[in-house]
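Fair warning: this is a prediction, and the values are worked out from it, not measured in the lab. The chains referred to below are lettered A, B, ... by the order of the sequence lines, with proteins before strands, and numbering in each begins at 1.
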Amino acid sequence: MTPNDQPLSIGSPPLTGPALAAFFSRDAVVVASDLIGSRLTIAGAGGRIVETEAYRPDDEASHSFRGPTARNAAMFGPAGRVYIYRSYGIHWCLNFVCKAASAVLIRALEPESGIEDMIRRRGVANFIDLCNGPGKLTQALGVDISLNGLALDAAPFEIGMAEPVPVVAGKRIGITKNVEPLWRFGAVGSRFVSRRFP
DNA sequence: CGGTGGATCTTCT
DNA sequence: GAAGATCCACCGA
């Protein structure tokens with residue numbers, strides 16, 4: 001296990017209530033960028049968000065593009081809740097719902113707390129591989145469909161806003177439609193992203 | 001290190 | 001019936 005040589009951003013206030021609603025009731029592209037550097041924990045396990053992607057209703061790659069279904073119902077609900085879905089029959093993916101059937105996919109975290117829980121759930125000892133991908137991240141944090149639709153300002157979630165950090169944008173990963181928009185965002189220079197940015 | 005193929009199953013056509 | 005917002009093992013360089 002490699003040591004974490006990044007300073008912890010302790011002391012960022014939890015984002016709750018009207019402030020949380022205001023933050024997420026915006027375009028997913030803006031929210032996805034603003035989330036970089038913030039802190040997410042679920043039942044005490046989590047860290048700094050270093051990679052996100054935005055998905056919008058006018059976006060052919062988005063689950064909400066063809067309207068509401070049983071699966072994507074949470075995307076059409078209030079902003080500031082989570083949308084969770086099964087990916088490739090195997091993994092869970094975690095999204096934060098934003099304005100008007102848009103959402104932000106949480107793709108990578110820099111682990112900070114609950115490291116032992118993450119290692120146990122992931123079954124790997126390599127620190128860098130704990131949360132550097134959307135499926136790995138949900139496995140490390142114990143996320144499954146039972147959390148779908150829950151609000152982000154109540155247990156087991158905690159969101160903390162951090163000081164702004166430099167952000168880089170790139171093309172989204174793993175999609176085949178609407179591939180051109182630069183709606184993937186990452187913390188500049190982070191070693192904890194799922195893939196390097198060009 | 002980069003590319004490739006299999007796993008696995010829900011969702012929508 | 002096919003595709004999919006992924007991960008991992010394995011191959012070759």
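- Between the side chains of A:Ser190 and A:Glu110, no donor-acceptor pair is found at a separation under 3.5 Å.
- Put simply, CG on A:Asn178 is 14 Å from P on C:dG4, counting in whole angstrom units.
- Between A:Glu53 and the choices A:Lys171, A:Arg107, A:Arg195, the salt bridge (Lys or Arg N to Asp or Glu O under 4.0 Å) rule is met once, by A:Arg107.
- Between the C1' atom of B:dC9 and the CD1 atom of A:Ile90 lies a distance of 8 Å, rounded to the nearest Å.
- Geometrically, A:Arg172 engages A:Tyr55 in a cation-pi contact, judged by NZ or CZ lying under 6.0 Å from the ring centre and within 45° of the ring axis.
- For A:Tyr85 against C:dA5, a side-chain-to-base donor-acceptor contact under 3.5 Å is present.
- Residues A:Ile159 and A:Pro14 form no side-chain contact, since every pair of their non-hydrogen atoms from C-beta on lies 4.5 Å or further apart.
- Proximity of A:Arg195 to the phosphate of B:dG2: no side-chain N or O atom is located under 4.0 Å from OP1 or OP2.
- Regarding contacts with the backbone of C:dT6, a side-chain N or O of A:Arg107 is found under 4.0 angstrom from either OP1 or OP2.
- Between A:Thr69 and B:dC12 there is a side-chain polar atom (N or O) within less than 4.0 angstrom of OP1 or OP2.
- Distance A:Tyr55 OH to C:dG4 C1': 11 Å, rounded to the nearest Å.
- Annotation: side-chain hydrogen bond (donor to acceptor under 3.5 Å, both in side chains) contacts of A:Ser64 (sequence neighbours excluded): A:Ser62.
- Within the 4.0 angstrom heavy-atom criterion, only backbone atoms of the sugar-phosphate kind lie near A:Arg71; the bases stay farther away.
- Taking only side-chain nitrogens and oxygens, A:Thr176 comes nearer than 4.0 Å to OP1 or OP2 of C:dG4.
- You'll find that the side chain of A:Lys177 is closest to C:dG4, out of B:dA7, C:dC7, C:dG4.
- Cation-pi geometry between A:Arg184 and A:Phe197 is satisfied (NZ or CZ under 6.0 Å from the ring centre, within 45° of the ring normal).
- Listed pair A:Lys136 / C:dC8 meets the phosphate criterion, a side-chain N or O lying under 4.0 Å from OP1 or OP2.
- Stem analysis of DNA chain C (Watson-Crick or G-U pairs, both distances under 3.5 Å, runs of at least three) returns B:1-7 with C:6-12, B:9-12 with C:1-4.
- In this entry the distance linking CH2 of A:Trp92 with P of B:dT8 reads 16 Å, nearest Å.
- Here B:dG6 presents its P atom at 15 Å from OH of A:Tyr88, a figure rounded to the nearest Å.
- Within the nucleic acid shown, A:Ile175 comes within 4.0 Å of sugar-phosphate atoms alone, with no base atom in reach, counting heavy atoms only.
- For the pair A:Arg122 and A:Asp129, the salt-bridge criterion is not met [side-chain N within less than 4.0 Å of a carboxylate O].
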